Enquirer: 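Can you read through this structure? Questions will come right after.
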Amino acid sequence: MREGARTETSFPTARCAACARTVLTYVDFDDLGERRRCVHCDAVVASDLRWIGAPELADAGYEIAAPRRAGGCGSGGCGSGGCATRKG
């Protein structure tokens, strides 16, 4: 199930029978080789792969947005004095 290299930003989608909709997919490797799986339920996607651009993601129910800033460890939100939950 090899796909050719893409020269533009595009996203692999296919119909997931378990989710009953078009979903983003990812590549997984198992004992049977390379497989495409649904990003929502991890089911193997057997339908034909379709590459779509960012504008088409909204039609498939996805959104590209700036990452949310959240506090907590690893986010840079702990402040200059270090993590408040760290002792010692």
Side-chain angles (χ1 to χ4, degrees):
M1 198 189 262
R2 287 253 177 222
E3 294 99 28
R6 298 286 170 185
T7 58
E8 61 199 42
T9 301
S10 55
F11 303 89
T13 63
R15 179 101 179 134
C16 175
C19 293
R21 70 184 195 107
T22 298
V23 297
L24 287 169
T25 67
Y26 68 93
V27 175
D28 184 32
F29 298 93
D30 60 19
D31 294 339
L32 299 174
E34 181 180 316
R35 296 174 172 263
R36 280 273 169 193
R37 292 189 180 270
C38 171
V39 298
H40 299 281
C41 71
D42 296 321
V44 173
V45 177
S47 67
D48 291 335
L49 199 59
R50 181 170 170 254
W51 291 84
I52 62 173
E56 295 171 282
L57 281 177
D59 293 337
Y62 296 97
E63 177 183 6
I64 295 179
R68 288 185 247 173
R69 300 246 344 147
C73 295
S75 70
C78 287
S80 61
C83 184
T85 61
R86 211 178 292 168
K87 305 269 189 227

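As the structure is a computational prediction, the values presented were derived from the model and not from experiment.
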Enquirer: Within this structure, what is the OG1-CD distance for the pair T22 and E56, rounded to the nearest 0.5 Å?
Expert: 11.0 Å

Enquirer: Quick one: OG1 on T13 to CG on D59, what's the gap to the nearest 0.5 Å?
Expert: 11.0 Å

Enquirer: For a ring-ring contact (aromatic ring centres under 6.0 Å, His included) check, start with the C-alpha distance between H40 and Y62, then their side-chain angles and the critical distance, and finish with the verdict.
Expert: CA-CA 12 Å; H40 299 281; Y62 296 97; 5.7 Å; yes

Enquirer: For a quick test of reading the model, state the closest non-hydrogen atom pair linking L24 to L57 and the distance between them.
Expert: CD2-CD2, 4.0 Å

Enquirer: Any idea which heavy atoms bring I52 and A60 closest together, and the distance?
Expert: CD1-CB, 4.5 Å

Enquirer: By side-chain hydrogen bond (donor to acceptor under 3.5 Å, both in side chains), which residues pair with R15, not counting sequence neighbours?
Expert: none

Enquirer: At their closest point, which heavy atom of C16 faces which heavy atom of V23, and how far apart are they?
Expert: CB-CG2, 3.7 Å

Enquirer: Quick one: pull up CZ in R36 and OG1 in T25 and give me the separation to the nearest 0.5 Å.
Expert: 4.0 Å

Enquirer: Does the R21 side chain pair with the main chain of G61, one donor and one acceptor, at a distance under 3.5 Å?
Expert: no

Enquirer: Taking ring-ring contact (aromatic ring centres under 6.0 Å, His included) as the definition, give me every residue that meets it alongside F11, ordered by chain and number, with sequence neighbours left out.
Expert: none

Enquirer: How close do W51 and S10 get, counting heavy atoms only, and between which atoms?
Expert: CE3-OG, 3.3 Å

Enquirer: How many angstroms lie between OH in Y26 and CZ in R37, if you round to the nearest 0.5 Å?
Expert: 5.5 Å

Enquirer: Test of understanding: clusters of I, L, V, M, F, W, Y form through side-chain heavy atoms closer than 4.5 Å, transitively. Do L32 and V45 belong to the same one?
Expert: no

